[in-house]
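Before any comments, here is the structure.
Scope of the values below: all heavy atoms of this structure, side chains included, with no hydrogens, waters or symmetry mates.
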Amino acid sequence: MPHTTPGSGSLILMHKIRSTPEEKRNMKEIQEAAARAYSQWKVLDEQLAKTPFVAGQHLSMGDIPAGSLVHRFFSHTNLQLDPYHSLLP
């Protein structure tokens with residue numbers, strides 16, 4: 001089953017970064033996971049370019065998981081975007 005939600009690609013990427021010491025990371029796998037995550041987050045980004053919130057003009061239940069994933073990724077991986085930004089298309 002393909003991973004189609006933003007969380008699936010991000011969680012795979014987060015797992016590959018968190019569970020593997022930096023010197024043992026497989027950068028090809030990380031690049032592939034980053035590309036999957038990027039393509040999934042791009043859909044959300046395109047929607048947020050049109051509306052202030054995921055489902056339109058008001059905060060909804062759809063905004064909570066997206067915010068949670070972004071917070072979890074950056075707070076639990078201890079990464080800034082810059083080191084991995086170049087991995088994205």
Side-chain angles (χ1 to χ4, degrees):
M1 179 172 173
H3 299 290
T4 56
T5 62
S8 62
S10 297
L11 293 175
I12 291 167
L13 178 60
M14 195 176 354
H15 174 73
K16 290 185 179 301
I17 293 169
R18 286 183 60 197
S19 66
T20 309
E22 190 170 350
E23 66 276 0
K24 293 184 178 182
R25 290 180 186 158
N26 182 327
M27 290 308 292
K28 183 177 184 224
E29 288 180 1
I30 290 174
Q31 288 172 333
E32 290 169 357
R36 271 194 306 276
Y38 174 81
S39 67
Q40 294 160 353
W41 281 105
K42 187 174 182 212
V43 173
L44 182 61
D45 188 49
E46 289 170 356
Q47 174 61 30
L48 291 172
K50 299 177 206 169
T51 60
F53 298 98
V54 172
Q57 298 300 315
H58 303 285
L59 183 69
S60 71
M61 291 298 290
D63 295 285
I64 295 168
S68 175
L69 282 168
V70 169
H71 172 74
R72 184 175 179 194
F73 181 80
F74 287 107
S75 65
H76 293 286
T77 58
N78 294 320
L79 292 176
Q80 295 182 1
L81 185 58
D82 293 339
Y84 290 92
H85 189 263
S86 64
L87 302 176
L88 304 175

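- Shortest non-hydrogen contact noted between T51 and G56 is CB-O, 3.4 Å.
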#### Entry: Pair L59-V54, side chain to side chain contact (heavy atoms under 4.5 Å, CB included): steps then yes or no
CA-CA 8 Å; L59 183 69; V54 172; over 6 Å; no
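- There is no path of hydrophobic side-chain contacts, each under 4.5 Å, that joins M61 to V43.
- Separating the OG atom in S19 from the CZ atom in R25 is a distance of 8.5 Å, to the nearest 0.5 Å.
- K28 has a carboxylate O that lies under 4.0 Å from a charged side-chain N of E32, or vice versa, which qualifies the two as a salt bridge.
- Checking side-chain atoms of S68 against main-chain N and O of I64 turns up no donor-acceptor pair under 3.5 Å.
- Counting all heavy atoms, side chain and backbone alike, K16 lies closest to E29 at NZ-OE1, 3.3 Å.
- Across all non-hydrogen atoms, the minimal contact from Q47 to F53 is NE2-O, 4.4 Å.
- The distance from the CD atom of Q31 to the CG atom of L13 is 11.0 Å, given to the nearest 0.5 Å.
- Atom CG of D63 is separated from atom CG of L44 by 8.5 Å, given to the nearest 0.5 angstrom.
- Judged purely by atom type and a 3.5 angstrom limit, T20 has no side-chain atom pairing as donor or acceptor with the backbone of I17.
- Taken from CH2 in W41 to CG in L48, the straight-line distance is 9.0 Å, to the nearest 0.5 Å.
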